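Before any comments, here is the structure.
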Number of protein chains: 2
Amino acid sequence: MGVAERKEREKEVLREQILTAAKTLFLEKGVEKTSIRNIADLIEYSPGSIYHYFKDKDEIFYALHQGGFQQLMTKMLVINDLPHPMERLKAMGSIYVQFGLDNPDMYDLMFIKEAPLDHVARTKALQWNEGEATFKFLRSTLRECMEQGYFQGHEEETLSFLIWSTVHGMVSLQIRRRCEVVLADRQDTIVKDGLNEFFNILDRQFS
Amino acid sequence: MGVAERKEREKEVLREQILTAAKTLFLEKGVEKTSIRNIADLIEYSPGSIYHYFKDKDEIFYALHQGGFQQLMTKMLVINDLPHPMERLKAMGSIYVQFGLDNPDMYDLMFIKEAPLDHVARTKALQWNEGEATFKFLRSTLRECMEQGYFQGHEEETLSFLIWSTVHGMVSLQIRRRCEVVLADRQDTIVKDGLNEFFNILDRQFS
DNA sequence: AAATGTAATTGAACAGTGTTTAAAAATAAA
DNA sequence: TTTATTTTTAAACACTGTTCAATTACATTT
């Protein structure tokens, strides 16, 4: 009868509970300081039971990091309203940077921490679907810019990587606190300022 | 008489031994997987004795990260042979990237890991001397480029941060394995290719 | 309704972590 | 030789991720 299906649903509910608890703890303490026992305490189950729903800790944080890409991708969709590809490219940069600064722990998990990639490597998936989709989105936007005459003489994939690296570099230096000591007085504005300088340079890459 | 000085020297010797052991282990396993007990085993002392020479684990890895900056700075000095500031700037980029790719764990510790900055924060030093010196080196080179007519209309500090971010972004995406999944087929060359694209863009920033 | 089989849950254990501390050993000064 | 100081140690504390045999809960079959 429908009993197997109901059980399946119940199992899914607890899986979600674990993820919600994990996300709550992770957003206030980060990955390292969120323990399996912390998660178990919060959902009022024993630590061992977590392992009936997730293979290991990395799998939990891989699932969370997937949610982060969902979030980021949703925010990215607003660029479709912009007519000019160059505006879309810059808007992508702004959204990416803003996402990183607004959600430092999630950004950390998505683009800095090894945990999610360790999981990808172990499942022998050989591909990081979330990252790949985001990168392809950047590539196609850049291609449109090139079709309009921007970035002549550049190679699409390489330039996409370079642009990604630039915004990632700014966000990650900020997140991992390399700015607050080197650029103490401009802590809050340096990333936005840097992004604007970047946009100026990009704008000049016409013809 | 000279007994206090001798003791001081002996203490320094053991301090160095600890650092050497820590470095050995850290270079083959990374920070997280190098434990105080591992270090103690290697120098054949008890774990507790380490705490007579270092306040905590972060202090040990802060000391190691200082050595990394020494290394990087030494490599950077060869740019003084280059007559044109723009060549010096590009050489700095190449050396920085090469250092990161050649010494991923050390780079990780210097520019990605939180441990050394945690120590900086706790000692209330309020400044990260190693990072500051490196950044100032970049700034002064960039200033010379600007004096020669490059990067007109840009602000020195902001542009320095942008350039640093770009090279750091490429290295850190590579080191934290975000390339090997998104750009699998170009894994070994993508950073060098990206750097060359970057140099092309920089060269065009004249007048 | 009782017995059986299956899935979920538990608590205890394992082997590790950074760190603290009281006691012991080693060394220096009196 | 005694006293004082420094160095070293073992043990303990409170954690960590993970495994596993035993228990509980529940669905199916007799």
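A note on names: the letters A, B, ... follow the listed sequences, proteins ahead of strands, and every chain is numbered from 1. It should be emphasised that the depicted structure is a prediction, and the values quoted were computed from it without experimental measurement.
Summarising the geometry, atom OH belonging to B:Tyr96 is positioned 11.0 Å from atom CG belonging to B:Leu101; distances are rounded to the nearest 0.5 Å.
Within the 4.5 Å cutoff, the side chain of B:Ile190 has no heavy atoms near those of the B:Met170 side chain.
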Result block: side-chain N/O donor-acceptor pairs under 3.5 angstrom for residues 45-53 of chain B, not counting sequence neighbours:
unit_1: B:Ser49; atom_1: OG; unit_2: B:Ser46; atom_2: O; d: 2.6

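For D:dT7, the OP1/OP2 oxygens have a side-chain nitrogen or oxygen of B:Lys11 closer than 4.0 Å.
Here the nucleotide nearest the side chain of B:Leu14, chosen from C:dG18, D:dG17, D:dT8, is D:dT8. Picking from C:dG18, D:dT16, D:dT18 the nucleotide with the shortest atom distance to the side chain of A:Ser35 gives D:dT16.
B:Lys57 has its NZ atom 8 Å from the C1' atom of C:dT17, to the nearest Å. Between the NZ atom of A:Lys33 and the P atom of C:dT17 there is a distance of 19 Å, given to the nearest Å. B:Ile36 places its CD1 atom 21 Å from the P atom of D:dA12, with the value rounded to the nearest Å. One interatomic measurement links the two molecules: CZ of A:Arg15 to P of C:dT9, which rounds to 14 Å at whole-angstrom precision. Spacing between atom CG of B:Leu25 and atom P of C:dG18 amounts to 11 Å, rounded to whole angstrom units. Note: CG (A:Asp118) to P (D:dT18) measures 11 Å, nearest angstrom. C:dT17 atom P lies 16 Å from atom CG of B:Asp58, rounded to whole Å.
Residues of residues 37-56 of chain A having a heavy atom closer than 4.0 Å to DNA chain C, listed by number: A:Arg37, A:Tyr45, A:Ser46, A:Gly48, A:Ser49, A:His52, A:Tyr53.
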Show the numbers, then the answer: is there a salt bridge (Lys or Arg N to Asp or Glu O under 4.0 Å) between B:Lys33 and A:Glu114? CA-CA 13 Å; B:Lys33 294 190 172 176; A:Glu114 353 225 35; over 6 Å; no

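Side-chain rings of A:His65 and A:Phe61 stay apart, their centers remaining 6.0 Å or farther from each other. Aromatic pair A:Phe135/A:Trp128: ring centres not closer than 6.0 Å.
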